[in-house]
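As a basis for the values below, the full set of heavy atoms in this structure was taken, side chains included, without hydrogen atoms, waters or symmetry mates. Throughout, protein chains are lettered first and strands after them, A, B, ... in sequence-line order, and every chain is numbered starting at 1.
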Amino acid sequence: MQIATWNVNSLKVRLPQVIDWLQTSNCDILALQELKQDNDNFPLKELNELGFHCAFNGQKTYNGVALISKHPIHNITMDIPNYTDVQKRVISATINDIRIICAYVVNGESVGSDKYSYKLEWLNQFHNYIETTLEKNEKLVVLGDFNIAPNDIDVYDPLAFAEQILCSTPERMAWNNFITLGLHDSFRLFNQEPRQYSWWDYRNFAFKRKLGVRIDHILISEEVRQLALKCEIDITPRRNERPSDHTPVVITLK
DNA sequence: ATGGTTGTGCGACAA
């Protein structure tokens, strides 16, 4: 059983790549972020015809998240309950007895900006939502674009990124608060190497120059950790024509 | 590099 996360930066543009990747990877559950389209435009018919179940929470132009699954999707929850947020960033559901939370965390633009304040408040609300969910679901996977590089090893130039967006102490504290809940950074359970990135800026040939950041993550509860066989970043889609700036991260469970 | 590129949607804004 494979579960993956991928920020596609426009599902409209990336749909052929998503379908191609679903078929070549043989992934069971794919969590998408940054659909950048409203629900009326979600390619439901096309994905259904290929045998996938879908749940989606989109909006025009920005944000938007979805779950695409070979298995039926149950108990779908949109957004963070009891937190008023017009931006569509979260969708949760149960698939094969595993509770899945797919998130597109606020980017935050730059430290000290209004968007940064929103990011920190959003992360606090998200933490509370995960905590509540964990009380009711032993098998939990929280995955998506976290827009946080947890440690200096996750950044190509730690000095340049020090206390900047994606790497600031308050953001990393928010990440550590997820870990304190008992969740594991599944990628680092299996790989301690540097230069393991999930996002590369479109500008300055960042991908070719291997200047990336690891900001897309799969957090797993202890009960899921017992099932985990591996977690890998698949950089092949980043080599596509007209790629997303992010690439998929995939966990394999027993 | 206070630049650079991509996406939405057609001018800015977001990332």
Side-chain angles (χ1 to χ4, degrees), chain A residues 5-21 30-43 46 56-66 68 79 85-91 102-123 126 143-150 154-168 170-172 174-175 197-217 233 235-249:
Chain A
T5 178
W6 191 7
N7 178 325
V8 289
N9 185 22
S10 167
L11 183 56
K12 181 183 168 188
V13 173
R14 239 61 74 183
L15 182 62
Q17 296 180 43
V18 169
I19 289 171
D20 180 64
W21 190 81
L30 175 58
L32 299 178
Q33 302 87 39
E34 279 208 272
L35 308 183
K36 293 188 170 182
Q37 61 180 12
D38 58 31
N39 290 335
D40 291 342
N41 289 313
F42 188 89
E46 196 161 357
F56 42 95
N57 187 18
Q59 67 182 102
K60 190 173 150 71
T61 312
Y62 301 119
N63 310 309
V65 286
I68 302 174
D79 310 310
D85 183 4
V86 296
Q87 303 194 8
K88 301 301 185 184
R89 297 182 171 277
V90 179
I91 189 166
C102 165
Y104 173 47
V105 175
V106 177
N107 171 282
E109 191 190 30
S110 58
V111 174
S113 66
D114 288 349
K115 287 172 190 161
Y116 182 72
S117 304
Y118 167 47
K119 181 177 195 173
L120 296 183
E121 170 60 15
W122 196 96
L123 284 164
F126 190 48
L143 76 176
D145 176 0
F146 282 71
N147 272 312
I148 301 173
D154 302 309
V155 181
Y156 70 89
D157 187 346
L159 212 56
F161 275 80
E163 294 305 332
Q164 302 300 305
I165 200 68
L166 311 180
C167 296
S168 72
E171 290 167 89
R172 286 181 169 172
W175 172 266
Y197 308 131
S198 67
W199 172 79
W200 299 260
D201 201 300
Y202 282 125
R203 297 166 289 192
N204 304 319
F205 303 99
F207 181 63
K208 184 184 267 191
R209 296 164 65 203
K210 303 183 192 296
L211 305 181
V213 182
R214 192 175 71 93
I215 54 175
D216 300 272
H217 306 295
I233 298 170
I235 68 162
T236 57
R238 191 62 178 80
R239 299 194 180 105
N240 290 347
E241 294 269 338
R242 265 191 112 179
S244 169
D245 45 354
H246 298 249
T247 209
V249 183

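Nearer to the 5' terminus of DNA chain B, by closest-nucleotide assignment, is the contact made by A:Pro243 (compared with the other of A:Pro243 and A:Asn147). Ranked by how close their nearest DNA chain B nucleotide is to the 5' end, A:Leu11 and A:Asp201 are led by A:Asp201.
When the P atom is used for both B:dA1 and B:dC13, the distance is 27 Å, rounded to whole Å. Comparing the same atom, C1', in B:dG9 and in B:dA14 gives a spacing of 13 Å after rounding to whole Å. When the C1' atom is used for both B:dG11 and B:dT6, the distance is 16 Å, rounded to whole Å.
For A:Phe161, the ring pair (Phe, Tyr, Trp, His ring centres under 6.0 Å) criterion is met by A:Tyr156, not counting sequence neighbours. Not counting sequence neighbours, the partners of A:Arg214 by the salt bridge (charged side-chain N to carboxylate O under 4.0 Å, His left out) test are A:Asp154, A:Asp185. Judged as a ring pair (Phe, Tyr, Trp, His ring centres under 6.0 Å), and not counting sequence neighbours, the contacts of A:Phe126 are A:Trp122, A:Phe178. For A:Tyr116, there are no ring pair (Phe, Tyr, Trp, His ring centres under 6.0 Å) partners, not counting sequence neighbours.
In this structure, A:Tyr197 and A:Thr247 approach most closely via the heavy-atom pair O-CG2, 4.5 Å. Considering all non-hydrogen atoms of both residues, A:Asn107 and A:Glu109 come closest at OD1-N, 2.8 Å.
Using a 4.0 Å heavy-atom cutoff across all strands shown, A:Tyr104 reaches sugar-phosphate atoms only and no base atom.
Neither side chain, A:Asp145 nor A:Gln33, offers a donor N or O lying under 3.5 Å from an acceptor on the other.
Protein chain A contacts DNA chain B from B:dG4 to B:dA15, reading 5' to 3' and using non-hydrogen atoms of the protein with a distance under 4.0 Å.
When atom types are taken as modelled, the side chain of A:Gln17 and the backbone of A:Arg242 share a donor-acceptor pair closer than 3.5 angstrom.
Contacts with DNA chain B (heavy atom under 4.0 Å) in residues 56-64 of chain A: A:Lys60, A:Thr61, A:Tyr62, listed by number.
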